[in-house]
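The structure appears below as C-alpha cells.
Chain A is the first sequence line, chain B the second, and so forth, proteins listed ahead of strands; every chain is numbered from 1. None of the values given here were measured: they were computed from a predicted structure.
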Number of protein chains: 2
Amino acid sequence: MDNASRHHPQNIRLYLTVGQRLLRDSLLFQLLLHDDVELVGESETGLDTLNRLEAARPGVLIIEEDLLDNDGLTIAENALSMNPTLAVLLISEITVSAGRLAIYLEAGIKAVVSKHQSIQELIKTLFYIRNGQVYVGTLQTPGNNAGEAMVAYRALSRREREVAQLMARRVPVKDIADQLGVSCKTVHSYKDRIFIKLGFERLPELILFMKRQSQGAAA
Amino acid sequence: MDNASRHHPQNIRLYLTVGQRLLRDSLLFQLLLHDDVELVGESETGLDTLNRLEAARPGVLIIEEDLLDNDGLTIAENALSMNPTLAVLLISEITVSAGRLAIYLEAGIKAVVSKHQSIQELIKTLFYIRNGQVYVGTLQTPGNNAGEAMVAYRALSRREREVAQLMARRVPVKDIADQLGVSCKTVHSYKDRIFIKLGFERLPELILFMKRQSQGAAA
DNA sequence: CGATTTTGTAGGAACTTCCTACAAAATCGT
DNA sequence: ACGATTTTGTAGGAAGTTCCTACAAAATCG
C-alpha cells in the first residue's frame with residue numbers, strides 16, 4: 001500500500017472516464033484539490049477503461065454516459081461485473097427520466113449527475129457514494145446547492161456578509177482589516193465562519209457565488 | 001473602478017459562455033484560482049451573452065463554438081462589432097482545419113482551443129491573448145504543454161525528482177523532510193523550484209503530471 | 001583552470017489554516 | 001422579566017505555507 005493510501009486509509013481511489021480532455025482535466029484538477037482523492041487512472045474511451053480497471057483497482061469510477069466508442073452504462077455494467085464493490089457515478093448528458101434512472105439503479109449505478117448540474121453537486125455526490133450509499137442527483141437532489149448557499153448567505157451576520165463581499169472582490173485581507181478596523185486575525189476568523197456556513201472550501205467558490213447572487217446570471 | 005481592478009489594473013475581465021453547467025463551473029473555478037482573473041459575467045447561450053456583454057464590459061470573452069441557440073462564431077462576431085477591442089477565445093468541439101482557422105482569424109478571433117486540448121493550454125492561451133496577441137492553439141501550439149513538462153522533468157535534479165515523486169503521492173512535507181534527512185524548509189525550497197521548472201502552480205497539477213507520466217494514461 | 005551556474009540546504013518575514021478563547025449582544029424558554 | 005443558552009465580534013497560539021534571500025559545495029562552461 002503506497003504512502004497516500006497509508007496516510008489516508010479512507011482515500012477515494014478514483015478512476016475517471018471522460019472523452020474530452022478539457023472537461024476531464026478540469027474535473028481532475030478540481031477533484032485533486034481534495035486531499036483524500038487519489039487518482040488511480042483515467043481514460044478517454046470505454047474500452048480503455050475496461051482494459052485498465054483491473055490493474056488500477058479503483059473504489060470509485062466516474063464515467064461519462066456519451067462516450068465515443070460505447071455508452072457509459074454498458075461499460076459501467078462490465079466494470080461492475082469485474083468488481084461488484086465498485087461505486088459508479090454516471091455523468092449524463094441530460095437530466096434523466098425516472099424510468100431511465102430506475103434502469104441505472106437496477107444496473108448498480110450509485111449516482112447520476114447531469115452535465116447541466118454544478119460541479120459542487122458532482123463532488124458532493126462523489127463523497128456521498130464513497131461510503132456505498134446510493135445518490136441520485138438528477139431526481140433526489142437534497143436541495144439545490146446554490147439554493148442552500150443562498151439560504152445560508154441570508155443567515156450570515158452583517159459583519160460576515162461584509163467580509164464575504166470584500167473577499168469575493170479579492171480585497172487583500174490586510175486591507176479588509178484596515179477598512180473594518182479589526183485585526184487580520186479577525187478577518188481570518190470571519191473567513192473561517194463564512195466558508196463553513198456556506199459550505200465552501202476555497203475562494204473561487206465564494207467569488208462565483210457572490211457574482212452569481214448579485215447578478216442572477218445564468219445558472 | 002472597483003477594488004479588484006484597482007488592486008490589479010492588469011486584471012483579466014473575463015466573460016464566459018459555455019452551455020453545460022459542469023464544464024462552465026469547472027473552467028470558472030480553475031480560472032478564478034488565478035488572482036488576476038475577474039469574472040464579469042457568464043452565460044449558457046449566445047443570445048444571453050449578447051444581452052449582457054455591454055453592461056459587463058469584458059476584456060476577454062471565452063465562448064463555446066457549439067452553443068444550443070447559435071454557433072459561437074456568429075455570437076463572437078456580433079460581440080466584436082459591439083466592442084472591437086474584445087479578445088475572443090473560441091472553444092471548438094474538434095481541432096479545426098487550417099481553412100476554418102483562417103476564417104476565425106479573419107473574423108477577429110484571437111485564439112481557438114479545442115475541447116480535446118488540456119486546460120493548461122486554455123489558461124496559457126488566455127494569458128497570452130489578454131495582451132492582444134493572436135494565439136492559435138490548434139495549429140501553432142508552441143509545443144505541447146505535457147511534452148514541455150516532460151522535458152522539464154528530465155532536467156530536474158535527482159533530489160528534485162525525489163521530492164516531486166513524494167509530493168505527488170501527497171506525502172506530508174514533514175514526512176518527506178524526515179525521510180530525506182533535511183528540514184521542512186528545505187522541502188519547501190525544493191517544491192518552489194520544482195513548480196517553477198515544470199510550470200505548475202498547484203499540487204493537483206503535479207499529481208496529475210506524475211500520474212500520467214508514470215502510466216502513459218490517456219492524454 | 002578560473003569563472004559561472006546549479007544544486008543542496010535552510011532561514012526570515014509575512015501570510016494562512018486550524019483551533020481555542022472570551023466578553024458582549026442577542027435569543028430562547030419559562 | 002429573567003436566567004440560560006447561543007451567536008456575534010474579536011483575536012491569539014501553534015503549525016504550516018509562500019516568497020524571498022543566502023551560502024557553500026559541486027558541476028559545468030569557456
| task | Using atom CG of B:L203 as one end and atom C1' of C:dT17 as the other, report the distance to the nearest whole Å. | result | 16 Å
| query | Strictly by modelled atom types, are B:Q20 and B:E64 linked by a side-chain donor-acceptor pair under 3.5 Å? | reply | no
| field | Gap between atoms CG and P, on A:L156 and D:dT7 respectively (whole Å) | value | 14 Å
| task | Just do the ring pair (Phe, Tyr, Trp, His ring centres under 6.0 Å) check on B:Y153 and B:F209 with the steps written out, would you? | result | CA-CA 10 Å; B:Y153 181 75; B:F209 171 76; 5.8 Å; yes
| task | Using a 3.5 Å limit on both pairing distances, list the dot-bracket string of DNA chain C from the 5' end; Watson-Crick and G-U wobble pairs count, crossing pairs take [ ], interstrand pairs take |. | result | ||||||||||||||||||||||||||||||
| Atom pair distance, as rounded to whole Å: CD in A:E160 and P in D:dG9 | 6 Å
| query | For D:dT10, does OP1 or OP2 lie under 4.0 Å from any side-chain N or O of A:R159? | reply | yes
| field | DNA chain D contacts among residues 191-202 of chain A, heavy-atom distance under 4.0 Å | value | A:R193, A:K197
| request: Classify the angle between the aromatic ring planes of B:F195 and B:F200 as parallel (below 30°), tilted (30 to 60°) or perpendicular (above 60°). | output: perpendicular
| Could you give the NZ-to-C1' distance, from A:K174 to C:dT16, as a whole number of Å? | 15 Å
| Comparing B:A155 and A:V173 on DNA chain C - which has the more 5′ nearest nucleotide | B:A155
| request: Just do the side-chain contact (heavy atoms from CB on, under 4.5 Å) check on A:R170 and B:L32 with the steps written out, would you? | output: CA-CA 10 Å; A:R170 298 195 191 275; B:L32 288 170; 3.8 Å; yes
| Any side-chain heavy atom of B:E160 within less than 4.5 Å of one from B:K197? | yes
| note | Here the distance between atom P of D:dT17 and atom CZ of B:R170, to the nearest Å, is 13 Å
| Are side-chain heavy atoms of B:L122 and A:L22 found at a separation under 4.5 Å? | yes
| field | Whole angstrom value for the distance that separates C1' of C:dG8 from CD1 of B:I176 | value | 16 Å
| query | Which parts of residues 182-190 of chain A get close to DNA chain C, meaning a heavy atom less than 4.0 angstrom away? | reply | A:K185, A:H188
| query | Separation of A:R161 atom CZ from D:dT8 atom C1', in whole Å? | reply | 13 Å
| said: As a quick check of understanding, evaluate side chain to side chain donor-acceptor pair (under 3.5 Å) for B:Y15 and B:S43, giving each step before the final call. | reply: CA-CA 8 Å; B:Y15 198 104; B:S43 300; 2.5 Å; yes
| remark: Interatomic distance, CD1@A:I123 vs CD@A:E201, rounded to 0.5 Å, equals 8.0 Å
| Just how far, in rounded Å, is P of D:dG16 from CG of B:D178? | 11 Å
| Would you say a side-chain N or O of B:S157 is under 4.0 Å from OP1 or OP2 of C:dG8? | yes
| Is atom CZ of A:R202 surrounded by more than 12 heavy atoms (other residues, nucleotides or ligands) closer than 6.0 Å? | yes
| field | Distance in Å, A:I62 CD1 paired with A:L90 CG, rounded so as to fall on 0.5 Å steps | value | 10.5 Å
| request: Check the surroundings of atom CD in B:E54: do more than 12 heavy atoms from other residues, nucleotides or ligands lie under 6.0 Å from it? | output: no
